Amino acid sequence: MMVTTAIIILALVTLQRLSELIIAKRNTTQLQTKGAVEHGASHYPVMVLLHASWLLGLWWFGWYATIIWPLMLAYIALQGFRIWILATLGSRWTTRILTLPNETLVARGPYRFMRHPNYALVLLEVPLLPLALGLNAFAIIYCILNIAMLAWRIRIENAALLPSR
């Protein structure tokens, strides 16, 4: 099999997402050890399925794609925003909704400007990468599914953070 630019990009995105899962698992364990409480655990498997199927679909349909470079560069630029979010939250970043009793909300970094910067990032990333691979219908389908997931998740998270406001 020929290694295409799309394969290299998808491999890097896959490695990034897997490394984030490792970081999230470590942070989740540490937070729970400190007494963190999880909220909305029932939505989590659905979110994992959505993101896993998105990535698998990109591999299935996009491994041979011709890259649309302006869109790919926009996707790559968003990774700087991702790093800023992760660096700001540090050990509090996780893929689950966890709250620590008596902890205040993070109000620095991108959280100075918006309440849910990570969700804004994901809202852009989910359609942008498939669009950069020329997968327009895929981008639309997953954009709609992601909006539904984020609406569900943000409702849960806002309710969980209400006492922290």
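Only a predicted model underlies this, so the values are computations on that prediction, with no experimental measurement involved.
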inquiry  = Applying side chain to side chain contact (heavy atoms under 4.5 Å, CB included) to L131 and I68, what does each step give before you reach the verdict?
reply    = CA-CA 8 Å; L131 288 172; I68 301 168; over 6 Å; no
To the nearest 0.5 angstrom, please state how far the [atom1] atom of [X] sits from the [atom2] atom of [Y].
{"X": "H116", "Y": "I154", "atom1": "NE2", "atom2": "CD1", "answer": "5.0 Å"}
{"X": "L133", "Y": "T4", "atom1": "CG", "atom2": "OG1", "answer": "9.0 Å"}
{"X": "W93", "Y": "L98", "atom1": "CH2", "atom2": "CG", "answer": "11.5 Å"}
{"X": "Y75", "Y": "I9", "atom1": "OH", "atom2": "CD1", "answer": "10.0 Å"}
{"X": "R153", "Y": "M47", "atom1": "CZ", "atom2": "CE", "answer": "4.0 Å"}
{"X": "N118", "Y": "E125", "atom1": "CG", "atom2": "CD", "answer": "8.0 Å"}

query = Is M72 close to T5 at the side-chain level, that is, under 4.5 Å between some pair of heavy atoms?
reply = no
key: Close side-chain approach of H43 to I97, heavy-atom, < 4.5 Å   =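 The answer is yes; the side chains approach within 4.5 Å.
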request  = In sequence, state the C-alpha distance, the side-chain angles, and the governing distance for M149 and V122, and then conclude on side chain to side chain contact (heavy atoms under 4.5 Å, CB included).
outcome  = CA-CA 11 Å; M149 172 52 64; V122 173; over 6 Å; no
ask   = Can V37 and Q32 be said to form a side chain to side chain contact (heavy atoms under 4.5 Å, CB included), step by step?
value = CA-CA 7 Å; V37 176; Q32 288 174 328; over 6 Å; no
task = Return yes if some donor-acceptor pair links the side-chain N/O of R108 with the main-chain N/O of T88 below 3.5 Å, else return no.
result = yes
key: Check: T28 side chain, T95 main-chain N or O, donor-acceptor pair, under 3.5 Å   = no
Between [X] and [Y], is there shared hydrophobic-cluster membership here, with clusters defined by ILVMFWY side-chain heavy atoms closer than 4.5 Å?
{"X": "F61", "Y": "V3", "answer": "yes"}
{"X": "L49", "Y": "L129", "answer": "no"}
{"X": "W54", "Y": "I76", "answer": "yes"}
{"X": "M114", "Y": "I85", "answer": "yes"}

Donor + acceptor pair across side chains of Y119, E157 (<3.5 Å) = yes
ask   = Checking side chain to side chain contact (heavy atoms under 4.5 Å, CB included) for the pair L86/E20: CA distance, chi angles, key distance, verdict?
value = CA-CA 9 Å; L86 292 171; E20 288 175 1; 4.2 Å; yes
request  = Using a cut-off of 6.0 Å, state whether more than 12 heavy atoms not belonging to W60 lie near its atom CH2.
outcome  = no
